[in-house]
There are 2 protein chains.
Amino acid sequence: MNNAEINNWQAVRSEVLSRIQNRQWKPGDLIPNEADLALEFGCARATVNRALQALAENGLLDRRRKAGTRVALHPVRKATLHIPIIRHEIEDRKQAYSYALISSKLDKPPPDIRAQMGLRATVECMQLLALHLADSRPYAYEDRWLNVEAVPAASKVDFEINNANEWLVMNAPFTAGDITLSAKQANAPEAKILRTTIGQALFVMDRNTRNVDVAITSVKLTFAPGYQLQTTI
Amino acid sequence: MNNAEINNWQAVRSEVLSRIQNRQWKPGDLIPNEADLALEFGCARATVNRALQALAENGLLDRRRKAGTRVALHPVRKATLHIPIIRHEIEDRKQAYSYALISSKLDKPPPDIRAQMGLRATVECMQLLALHLADSRPYAYEDRWLNVEAVPAASKVDFEINNANEWLVMNAPFTAGDITLSAKQANAPEAKILRTTIGQALFVMDRNTRNVDVAITSVKLTFAPGYQLQTTI
DNA sequence: CAGTGGTCTAGACCACAAG
DNA sequence: TTGTGGTCTAGACCACTGG
């Protein structure tokens with residue numbers, strides 16, 4: 001018998017969760033159906049449904065109509081990665097953020113970028129190179145291609161003043177994106193810009209964002225040595 | 001007038017989403033309250049609630065009692081990172097997976113690992129070094145510390161045969177974990193094991209998992225050059 | 001076919017926090 | 001104080017899919 005009543009969906013969720021963690025219900029096991037659990041917990045089926053859906057979203061349960069609800073065979077393999085706005089990431093550490101535009105031009109993107117963005121060969125984009133600094137030390141180097149056809153307002157913006165990422169966040173909504181994380185050795189220009197030595201291991205984040213099907217921007221962020229990206233399961 | 005009826009929560013979600021994407025509702029804007037939207041869409045308030053909660057979970061809306069619902073100022077900054085089981089990651093690419101245990105011993109973990117795991121100084125852990133291979137080529141080097149107090153059954157397992165990660169997934173549930181991603185240059189032993197050269201940039205994933213408050217395992221995966229981690233917003 | 005989860009509804013009450 | 005979201009309930013019907 002439990003002392004605490006199980007009369008809200010979060011209580012149901014933690015009860016079910018603890019049964020999974022206790023291994024009272026093991027990976028692969030079929031658990032009772034919603035109606036039975038509602039009866040047991042003394043609440044409505046909708047409440048049980050809410051709790052089980054939350055657990056299924058977190059990857060702890062597998063649910064299928066008619067087949068019932070099972071404890072997931074391979075529990076929680078999802079982590080939520082918070083994509084930081086670099087300014088915030090730096091300011092959260094009580095460091096001073098600054099931003100410097102290195103160059104800005106209109107040009108046809110190279111084939112690899114064009115392929116990533118899914119653009120026609122003739123499309124011109126704006127290329128922005130910029131440096132983000134923390135306490136006046138190089139933090140990340142930004143190499144961005146911006147589809148001006150998709151975001152015409154961008155051509156009127158002065159990116160000397162406006163941080164491109166922050167401007168886009170406010171002015172160019174996107175619906176989808178993909179991110180690739182990797183490591184690379186610093187080449188000569190990277191080493192110079194980031195004030196490090198050639199060959200250093202750098203953390204790289206490539207990000208492509210789209211609005212419905214049209215590419216907005218493709219950005220490569222190359223971080224100064226020592227950068228870590230943290231996340232929680 | 002819309003042709004399609006908005007009578008389920010997913011329809012409400014996409015309608016609201018498209019108003020955000022249209023910039024009919026801009027970042028920072030207050031949107032109508034649930035009751036009004038329910039009236040407009042011709043559905044129950046609970047249905048609207050479901051839709052708006054889903055959007056809020058995705059970071060597109062900020063909701064506060066009494067203050068109402070606003071379009072998020074900094075939309076979608078969350079990506080879901082799927083933590084792969086290395087075997088699956090390799091087999092999905094139609095490569096042959098193999099696994100080799102390099103060494104296994106019982107020892108007190110070094111202070112940095114102990115701190116990460118939050119263990120007392122006297123606790124002994126099992127250290128496992130292993131190599132994951134794809135098509136017989138080194139793929140990732142695994143350096144794992146396993147809290148045998150938390151998972152006593154582990155001491156009886158033969159990790160020559162059983163891949164530690166897969167065994168733990170099936171036998172040691174965890175409730176929380178944190179992940180750190182970084183880049184480093186290969187040192188001599190890493191270069192040797194991964195069959196690469198000293199100084200190469202390697203992608204590193206450090207993962208700590210706990211069951212409630214007790215540390216289960218701390219694992220460092222060092223990937224062979226060229227590794228990329230992909231994810232979607 | 002029939003059992004399971006998925007969802008809607010109308011109404012109700014509660015918890016929180018802005019003014 | 002009071003408007004807002006958060007949640008519960010009971011009952012209903014639907015959608016999917018296993019056997």
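Keep in mind the model is a prediction, meaning the values are calculated, not measured. Below, chains carry the letters A, B, ... as their sequence lines are ordered, and counting in each starts from 1.
Rounded to a whole Å, the CD atom of A:Glu34 is 10 Å from the P atom of C:dT4. As rounded to whole Å, 14 Å separates atom P of C:dA17 from atom CG of B:Asp62. As a whole-Å value, the separation of A:Trp9 CH2 from C:dT7 P is 15 Å. Rounding to whole angstrom units, CG of residue A:Asn33 and P of C:dG6 are separated by 12 Å. Taking atom CD1 on B:Ile6 and atom P on C:dC8, their separation rounds to 12 Å, with Å as the unit. What separates CD of A:Gln53 from P of C:dT4 is a distance of 17 Å, to the nearest Å. Spacing between atom CG of B:Leu30 and atom P of D:dG3 amounts to 15 Å, rounded to whole angstrom units. For the pair A:Arg63 CZ and C:dT4 C1', the interatomic distance rounds to 9 Å; values are reported in whole Å.
An OP1 or OP2 oxygen of D:dT7 is reached within less than 4.0 angstrom by no side-chain nitrogen or oxygen of A:Thr47. B:Thr69 has a side-chain polar atom (N or O) that falls below the 4.0 Å cut-off from OP1 or OP2 of D:dG5.
A heavy-atom distance below 4.5 Å is not found between the side chains of A:Ser104 and A:Phe159.
Along DNA chain D, the nucleotide nearest B:Ile31 and the nucleotide nearest A:Gly42 are compared for position; the residue whose nucleotide lies closer to the 5' end is B:Ile31.
For A:Lys66, taking side-chain heavy atoms from C-beta onward, the closest of the listed nucleotides C:dT7, D:dT9, D:dC16 is D:dC16. Considering only the side chain of B:Ala67, C:dA18 comes nearest among C:dA18, C:dT7, C:dG6. Distance from the side chain of A:Arg50 is smallest for D:dT7 among the nucleotides D:dT7, C:dG5, C:dA15. Here the nucleotide nearest the side chain of A:Gln10, chosen from C:dA18, C:dT7, D:dT7, is D:dT7.
With hydrogens and angles left out, the side chain of A:Arg65 and the base of D:dA15 share a donor-acceptor pair within 3.5 Å. A donor-acceptor contact under 3.5 Å is formed by the side chain of A:Arg45 with the base of C:dT7.
Here the straight-line distance linking atom CG of A:Leu52 with atom CZ of A:Arg63 works out to 4.5 Å at 0.5 Å rounding.
Residue contacts for B:Asn49: at a heavy-atom cut-off of 4.0 Å it reaches a base atom on one of the strands shown.
Taking the six-membered ring for Trp and thresholds of 30 and 60 degrees, B:Tyr227 and B:Phe203 have ring planes inclined between 30 and 60 degrees apart. The aromatic rings of B:Tyr97 and B:His132 lie tilted to each other, with the angle between the two planes from 30° to 60°.
With A:Thr217 as the partner, the side-chain hydrogen bond (donor to acceptor under 3.5 Å, both in side chains) test is satisfied by one option alone out of A:Arg144, A:Arg207, A:Arg210: A:Arg144.
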